[in-house]
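Throughout, residue positions are numbered sequentially from 1 according to the sequence presented.
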Amino acid sequence: MLASAGLLVFVLSLMLTTGGRTIAQITSECIRICDEVPVRVALANVARIVGDVRITNDGDSPIPTRVNGAIQVDSSARNALRTKSGLQVTDIFQREVTITLAPGDSNEKVSFHVPQSRLLVIEGASGFAQMGPGAQAPQVIFKTMANGDPGVHLVFANPGAGGWTLSAPGWGPVLAYADPASTVEVTFARAGTTIGTATMTLTFTGHFIDQ
């Protein structure tokens, strides 16, 4: 008796708040609310909903949802669906390149390959160079192929800490791109004398994008 009375009060309240237009259809399993204007409902537990559902979600406090079955998502240029994906461990890229110049050598090159069907996004490059005696300065560049076009990227060298610190200037979050199955070539040269041994270590960081 008490449960029936409570249900009746709930139905009457809905009719009053929507100007009498809302019709609540009561069955043995659920309550169906039919109205041209959507009715705001706050759910405390699990509910089964038939029809269109709009969820207003706050990025700082997302609403936890559990979905069973397939989901069909409609999107358009005017009302685009915004998504945010997280990087997986296999998407993260880091490669250390070391080049040694023997006495008398003025330059040397090394390269590494980009995996097939994966675009390499290089976001940073930094390192250290130790030069031979005398007036020597490191010159470091690296070359990439992006969308079939070659590009040369400069690495700045600044003296300090008993050697030279290396850093690549970036004008945004991306330093360079490298096509799938392409080669990234790094060149280390020294200006001035070629006396003694010179070494250079350069570390690239970034991530892969599947193509």
(Q) If we ignore hydrogens and angles and just use 3.5 Å, is the side chain of Gln130 paired with the main-chain N or O of Thr197 as donor and acceptor? (A) no
**Q.** Check: Thr165 side chain, Asn158 main-chain N or O, donor-acceptor pair, under 3.5 Å
**A.** yes
Q. For Pro180 and Leu119, which heavy atoms make the closest approach, and how far apart are they?
A. CG-N, 3.9 Å
Q) For the residue pair Ala146 and Tyr177, what are the closest heavy atoms and their distance? A) CB-O, 3.8 Å
Q: Please tell me if the side chains of Thr194 and Leu101 come closer than 4.5 Å, counting only heavy atoms from C-beta onward.
A: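 No, every pair of side-chain atoms sits at 4.5 Å or beyond.
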Q.
Using side-chain heavy atoms (C-beta onward) and a distance below 4.5 Å, is Val184 in contact with Lys143?
A.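 Result no, sub-4.5 Å side-chain heavy-atom pair not found.
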Q.
Could you work out, with side-chain contact (heavy atoms from CB on, under 4.5 Å) as the rule, every residue matching Ala189, not counting sequence neighbours?
A.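 side-chain contact (heavy atoms from CB on, under 4.5 Å) list for Ala189, sorted by chain: Asn107, Gln139.
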Q) Gln136 and Thr193: side-chain donor and acceptor closer than 3.5 Å? A)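 Gln136 vs Thr193: donor-acceptor pair found between side chains.
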Q. Is the number of heavy atoms from other residues, nucleotides or ligands under 6.0 Å of Phe156 CZ greater than 12?
A.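 Open: at most 12 neighbouring heavy atoms sit under 6.0 Å from CZ of Phe156.
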Q) With a cut-off of under 6.0 Å to the ring centre and 45° to the axis, is Arg95 in cation-pi contact with Phe204? A)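 No.
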Q. Salt-bridged, Arg118 to Asp91, with N to O below 4.0 Å?
A.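 Yes, this pair counts.
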Q: Can you spot which of Val110, Leu154, Leu175 makes a side-chain contact (heavy atoms from CB on, under 4.5 Å) with Phe142?
A: Leu175
